[in-house]
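Values below: all heavy atoms of this structure, side chains included; hydrogens, waters and symmetry mates excluded.
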Amino acid sequence: MSRRCQLTGKKANNAMAVSHSHRRTHKLQQPNLQWKRVWWPQGKRWVRLKISTKAIKTLETKGIHAMAKEAGLNLNKF
């Protein structure tokens, strides 16, 4: 599975690591992904998702059903 948030679609960002001598090398800034069990009231069960910490905070306000609908995610598969 790729390192991508299942609800928001966040993925790695291409960036530069700049040393003290100002040599620039490529690096990847990975999103902070966590495995999270979320209660899904419509399905009356737990779903296990790999989501970013930003998505966890948004999940508390919007709800799992609204965020899954925006992402086009079918929760029956999880």
Notebook entry, point to check: How long is the span from the SG atom in Cys5 to the CD atom in Gln34, to the nearest 0.5 Å?
Noted result: 11.0 Å
Check: Under a 4.5 Å cut-off applied to non-hydrogen side-chain atoms, are Asn32 and Ser52 in contact?
Finding: no
Check: Under the salt bridge (charged side-chain N to carboxylate O under 4.0 Å, His left out) rule, what pairs show up with a residue in residues 31-45, not counting sequence neighbours?
Finding: none
Item checked: Working for side-chain contact (heavy atoms from CB on, under 4.5 Å), residues Met67 and Thr58 -> CA-CA 9 Å; Met67 285 192 72; Thr58 309; 4.0 Å; yes
Check: How many angstroms lie between atom CD1 of Ile56 and atom CG of Leu7, to the nearest 0.5 angstrom?
Finding: 9.5 Å
Next item on the list: First locate atom CG of Leu75, then atom CH2 of Trp40, and finally report the distance between them rounded to the nearest 0.5 Å.
Entry: 5.0 Å
Margin query: Working to the nearest 0.5 angstrom, can you tell me the gap between Lys54 NZ and Thr8 OG1?
Written below: 10.0 Å
Check: Which residue pairs pass the salt bridge (charged side-chain N to carboxylate O under 4.0 Å, His left out) test with at least one member in residues 65-78, sequence neighbours excluded?
Finding: Lys62-Glu70
Margin query: I need the full list of salt bridge (charged side-chain N to carboxylate O under 4.0 Å, His left out) pairs touching residues 11-29, with sequence neighbours left out, sorted by first then second residue.
Written below: none
Next item on the list: Could you go through the side-chain contact (heavy atoms from CB on, under 4.5 Å) check for Arg48 and Phe78 one step at a time?
Entry: CA-CA 6 Å; Arg48 189 167 178 255; Phe78 298 100; over 6 Å; no
Item checked: side-chain contact (heavy atoms from CB on, under 4.5 Å) between Leu33 and Arg3, intermediate numbers included -> CA-CA 8 Å; Leu33 297 179; Arg3 295 182 192 178; 4.1 Å; yes
Margin query: Are Pro41 and Ile64 packed together at the side-chain level, in the sense that at least one heavy-atom pair is separated by less than 4.5 angstrom?
Written below: yes
Notebook entry, point to check: Are side-chain heavy atoms of Lys10 and Arg4 found at a separation under 4.5 Å?
Noted result: no
Item checked: Whether Gln6 side chain and Leu49 backbone form a donor-acceptor pair below 3.5 Å -> no
Check: Is the shortest heavy-atom distance from the side chain of Leu59 to the side chain of Ile51 under 4.5 Å?
Finding: yes
